[in-house]
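Keep in mind that this is a model prediction, so the values were computed, not measured.
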Amino acid sequence: MNSPQTDNSTILLVDDNPTNLQLLFGTLRGLGHKLLVAKSGEDALKVAQWAHPDLILLDILMSGIDGFETCERLKADPETRDIAVIFLSALDDTDDKIKGLSMGAVDYIAKPFQSEEVIARVETHLTIARLRTELAERNRQLEAANQPILDAVGDGIYGLDLDGRITFANPAAMQLTGYPQEALIGHSLHELHLYARWDGSPYHFIETGIYQTLKQGVAKQSDSDVFWRHSGDHFAVSWTCTPIKRGGEVQGAVIAFRDITQRKRQEHQLREALAEVENLRDRLQAENAYLQAEVKNEGRFDSIVGESPALKAVLEQVDQVAPTNSSVLIIGESGTGKEAIARAIHDLSPRRDRPLIKVNCGAITPTLIESELFGHEKGAFTGAAKQRQGHFELADGGTIFLDEIGELPLDAQVKLLRVLQEHEISRLGSEAAIQVDVRVIAATNRDLVTMVEGGRFRMDLFYRLNVFPLTLPPLRERREDIPLLVSKFLADQARALGRAFSRVSEDGMQLLMNYHWPGNIRELQNVIERAAILARDQVVPIARHLVYSGIASPADPNPAAAPPTAAPAAAELVSLAENEAQYIRRVLESTGWLIAGKGGAAEILDLPASTLRSRMKKLGVERDE
């Protein structure tokens, strides 16, 4: 959870359901903001009038006037129209969202909501509101500071004849332009001040509004021209030209002008600041979308479980490296918990309040990996309909976790090396450099040294990533942690299945302790899940076939847990491809030919579903009719 804020913002919570109000109040009370509540739309309008909150969380379905009408009245009142409104509703309908946003709401949260989502969105919109307020106050202060200067200098005033020659000049005009009186009187205004635009390109007199005033007798004004000074430089000018008429005939004109260079500079700064606010808003929305996806697709390991010396040694290293900004390379077999360790490093680092962006380099199509990591501009390639931020931009100020780094193509490795060296990226389709502050944690189950020797991984990138290597022990080297892991996974299954499990059977635990676990923690979790589904009592039995995958351990090619089988005859020996096909078929049969999803073959084999389907097609693995 984010640390409490000190800006002391005021938030109004509106819901006619006391339970919902209590839940919202409990979610937000620790953030340091002032919380007000209203139990109806009518009450909300009254509270908004006297309290002027910074943000309103408004339920849609309420008795009396509903949330839509309440929002409409708030936006119609000049006193409350600028208050940011976030709708809350159990109706997750696109038309309702469009209706709410068209009424002026800034966001829409569907019930039941996640506390993390509510906090993230509230803090996002409070940040945006605070920045807008600060920008408005800054602009007012700048205008107030410059006003005495403008008053003291005064407006420059020229009298003009019908040909645009100067007939009169006040002291302010001479001071602003740097011309002495004798150099002004009788000379053309255009030839002195308006002969060129700000970039030096010619500016013909007939194109100016002053010419139209003299020829048509119509008053004109402009804030988009520049006046050139006697010294050869120019200043942004605001001028008003009024015709002088006698008997209906134009006799000349009077032009009043002032230097608005400072105002133009302020406007430019304000535009840049507003663009920065919009960029921040887009980035926060992108981060929120990512975090919401994280909530829906939460990692399989909520915490690190174990008391073995091997695991404790790793966690001690985590404590040492977490507070630094050093790159970390996590090495370990599949299923050993590399992502959980990366999460622990991030959570213990000063970057904990910024996002941890996770990227599986092996799951991204090679042609899209550059766009995914570094983003792209609109039109950068076919299908790039709009600009898109990459994972590195989303991780700015935080941490990026590059899983399966060994699968990164060589051309993408070059760009990753640039990020580590220069701390900047370029979106696909653009040469502009974007500064990023990102800590990189990479993970692999491959031998990168061998890949470097074989020319498949850049040596310079390897040394940049290998600043602080962490090697995770496989489960077979920390067997004393198996009972703790089994207890956790069994409790998880009890919650998921709505059942009560006390323990696994004694002989089942013995099987688990003796097995060599080539799939490590992930395989153990899958075994417990399958056993829990099949269990009839509170004591969960572990069938022998559940803990036998047919995959030999690198350290123990003949594991004790494997059922004894006769040595194969020479005629039974098959090719590696046939052996792979047979094993894939056995796994598919055990899952009822379920490929993707929870408990599917892809999850058991630790492969992306698309990769598994490709292998099945190549090996001719098909379901028997």
Side-chain angles (χ1 to χ4, degrees), residues 1-39 43-44 47-48 50-60 67 70-71 74 80 82-89 100 105-137 277 280-296 298 302 343 346-357 394-399:
M1 184 176 293
N2 293 335
S3 58
Q5 302 294 311
T6 58
D7 63 341
N8 204 23
S9 300
T10 300
I11 305 173
L12 174 58
L13 312 176
V14 186
D15 200 313
D16 60 353
N17 188 319
T19 301
N20 290 340
L21 278 177
Q22 185 177 5
L23 179 60
L24 282 171
F25 196 96
T27 298
L28 301 175
R29 67 185 305 175
L31 301 181
H33 303 303
K34 181 179 180 181
L35 302 180
L36 304 174
V37 297
K39 297 181 180 179
D43 289 344
V47 174
W50 63 263
H52 294 286
D54 301 287
L55 180 65
I56 298 177
L57 272 63
L58 179 60
D59 187 34
I60 292 179
T70 303
C71 182
L74 287 169
T80 58
D82 293 329
I83 300 174
V85 176
I86 298 178
F87 275 128
L88 302 170
S89 178
V106 297
D107 213 336
Y108 190 109
I109 300 177
K111 299 178 183 177
F113 50 76
Q114 297 282 345
S115 296
E116 293 85 353
E117 178 187 2
V118 173
I119 291 171
R121 295 195 182 206
V122 165
E123 293 292 9
T124 294
H125 293 293
L126 285 177
T127 298
I128 292 171
R130 185 165 61 252
L131 287 174
R132 290 189 183 277
T133 301
E134 290 174 359
L135 287 171
E137 179 60 24
V277 170
L280 174 63
R281 178 178 178 175
D282 292 343
R283 175 178 164 184
L284 289 173
Q285 287 177 342
E287 288 180 2
N288 286 342
Y290 179 85
L291 290 172
Q292 291 165 35
E294 282 294 292
V295 170
K296 293 179 180 178
E298 206 169 26
D302 299 324
R343 166 63 67 181
H346 175 75
D347 288 345
L348 293 172
S349 76
R351 299 170 179 263
R352 66 180 68 87
D353 294 330
R354 299 295 301 152
L356 169 65
I357 303 298
L394 292 178
D396 189 25
T399 307

**OP:** With side chain to side chain contact (heavy atoms under 4.5 Å, CB included) as the test, would you mind laying out the steps for Thr10 and His52 before giving the verdict?
**Re:** CA-CA 8 Å; Thr10 300; His52 294 286; over 6 Å; no
Subject >> Passing option when Ile11 is tested against Leu126, Leu36, Val37, Asp54 for side chain to side chain contact (heavy atoms under 4.5 Å, CB included) >> reply: Leu126
**OP:** Could you grab the distance from atom CD1 of Ile86 to atom CZ of Arg121, nearest 0.5 Å is fine?
**Re:** 8.0 Å
Subject >> Working for side chain to side chain contact (heavy atoms under 4.5 Å, CB included), residues Lys111 and Asp15 >> reply: CA-CA 12 Å; Lys111 299 178 183 177; Asp15 200 313; 3.1 Å; yes
Original post:
Who are the side-chain contact (heavy atoms from CB on, under 4.5 Å) partners of Ala84, not counting sequence neighbours?
Top reply: Leu55, Val106
**OP:** Taking all heavy atoms of Gly67 and all of Leu58, pick out the closest pair and write down the distance.
**Re:** O-CD2, 3.3 Å
**OP:** Identify the heavy atoms of Leu21 and Ala38 that sit nearest to each other, and give their distance.
**Re:** CD1-O, 4.1 Å
Subject >> Atom pair NZ (Lys39) and CG (Asn20), whose distance is rounded to the nearest 0.5 Å >> reply: 12.5 Å
Subject >> Beyond-backbone contact of Thr70 with Val14, side-chain heavy atoms, under 4.5 angstrom >> reply: no
Original post:
Would Leu57 and Leu28 satisfy side chain to side chain contact (heavy atoms under 4.5 Å, CB included), going step by step from the backbone distance to the final call?
Top reply: CA-CA 11 Å; Leu57 272 63; Leu28 301 175; 4.2 Å; yes
Original post:
Just wondering, do Arg29 and Leu35 contact through their side chains at under 4.5 Å, heavy atoms?
Top reply: yes
Subject >> For the student: nearest non-hydrogen atoms of Cys71 and Ala105, plus distance >> reply: SG-N, 4.4 Å
Original post:
Taking only residues two or more places apart in sequence or in another chain, which ones pass side-chain contact (heavy atoms from CB on, under 4.5 Å) with Arg352?
Top reply: none
**OP:** Take Leu74 and Ile56, measure what side chain to side chain contact (heavy atoms under 4.5 Å, CB included) needs, and give me the verdict at the end.
**Re:** CA-CA 10 Å; Leu74 287 169; Ile56 298 177; 3.8 Å; yes
**OP:** Grab the two heavy atoms, one from Ala120 and one from Thr124, that are nearest each other, plus how far apart they are.
**Re:** O-OG1, 2.8 Å
Subject >> Heavy-atom pair of closest approach, residues His346 and Arg351 >> reply: CE1-O, 3.1 Å
Original post:
Which residues satisfy the salt bridge (charged side-chain N to carboxylate O under 4.0 Å, His left out) test with Asp347, sequence neighbours excluded?
Top reply: Arg343
Subject >> Pairwise side-chain contact, Ile83 with Leu12, heavy-atom cut-off 4.5 Å (strictly under) >> reply: no
Original post:
What is the minimum heavy-atom distance between Ser89 and Ile60, and which atoms define it?
Top reply: CB-CD1, 3.6 Å
Original post:
Distance from Thr27 atom OG1 to Gln22 atom CD, nearest 0.5 Å?
Top reply: 10.5 Å
Original post:
Can you tell me how far the OG1 atom of Thr133 sits from the CZ atom of Arg130, to the nearest 0.5 Å?
Top reply: 9.0 Å
